[in-house]
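A short worksheet on the structure shown next.
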Amino acid sequence: MNVLRPVVYDAGALIAAERNHAAFWRAHRSYLTAGGLPLAPAPVVAQAWRDDARQAQLARILNGCEVPVLDHALARRVGALLGQAATSDPVDGTVAVLAADLGAVIVTSDPGDIQHLLDRLGPSGKRAEVAPLR
């Protein structure tokens, strides 16, 4: 039996969609066809979204994504991670914590920063996998 791993997009992935990055769109469509629904956490959407009138591709990609919220409990976990990692990007922190919780693949334009955060999560961070955008 082939189990589909969860996928989490960072802002770079959404920007790739907006810029019509062909390889990204192929991978996204394949994942949807296989029955997956990628996650684009709410802070990621906030980081990428700028203009309703000019972001048709971004709106299109988000129609094929689940958008998890950043609630109080998750925000505290992200903040603690940022403190441990001596960094300050809550968007990357949210991606790392959610992906570790789910054992997800992270599609990212920033693999070094994401891996740094995953490494600070200890054993749970090893459950996630970084997939750099190509």
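Please read these numbers as outputs of a predicted model, since none were measured by experiment.
- Considering CD of Q55 and CD1 of I15, their distance stands at 9.0 Å, rounded to 0.5 Å.
- When all heavy atoms are compared, the tightest approach of A17 to W25 is O-NE1, 3.0 Å.
- Counting heavy atoms from C-beta outward, I106 and L98 have side chains that stay 4.5 Å or more apart.
- With a 4.5 Å cut-off on side-chain heavy atoms, V45 and L62 count as touching.
- Few gaps surround CZ on R5; more than 12 heavy atoms of other groups in view lie less than 6.0 Å from it.
- With a 4.5 Å cut-off on side-chain heavy atoms, V95 and T108 do not count as touching.
- The closest donor-acceptor contact from the side chain of R134 to the backbone of A131 lies at 3.5 Å or more, if one exists at all.
- In plain terms, the two heavy atoms of Y31 and P6 that are nearest each other are OH-CA, 3.3 Å.
- For the pair P41/V8, a side-chain contact is recorded, criterion being any heavy-atom separation below 4.5 Å from C-beta on.
- Annotation: the span from L117 atom CG to D92 atom CG amounts to 6.0 Å, rounded to 0.5 Å.
- Counting all heavy atoms, side chain and backbone alike, D113 lies closest to D110 at OD2-OD2, 2.9 Å.
- Rounding to the nearest 0.5 Å places OG of S124 at 8.5 Å from CG of L118.
- Between the CZ atom of R120 and the CD atom of Q84 there is a distance of 9.0 Å, given to the nearest 0.5 Å.
- L37 CG to E66 CD: the interatomic distance, rounded to the nearest 0.5 Å, is 5.5 Å.
- Here R77 pairs with D101 under the salt bridge (charged side-chain N to carboxylate O under 4.0 Å, His left out) rule; sequence neighbours left out.
- Heavy atoms only, all atoms of each residue included: L32 and P38 are closest at CD2-CD, 3.8 Å.
- No donor-acceptor pair closer than 3.5 Å links the side chain of E129 to the backbone N or O of V105.
- Taking the side chain as every heavy atom from C-beta outward, V91 and T94 never approach each other to under 4.5 Å.
- Sparse packing is recorded around CZ of R54, with 12 or fewer heavy atoms of other residues, nucleotides or ligands lying under 6.0 Å away.
- Relative orientation of the H28 and F24 rings is parallel, given thresholds of 30° and 60° on the angle between their planes.
- Between S88 and L82, the shortest heavy-atom contact is C-CD1, 4.2 Å.
- In this structure, the side chains of D10 and V107 stay at 4.5 Å or more apart for every pair of heavy atoms.
- A distance of 8.0 Å separates CG of L81 from NE2 of H116, quoted to the nearest 0.5 Å.
- Contact between P90 and V78 at its shortest, heavy atoms only, is O-CG1, 3.8 Å.
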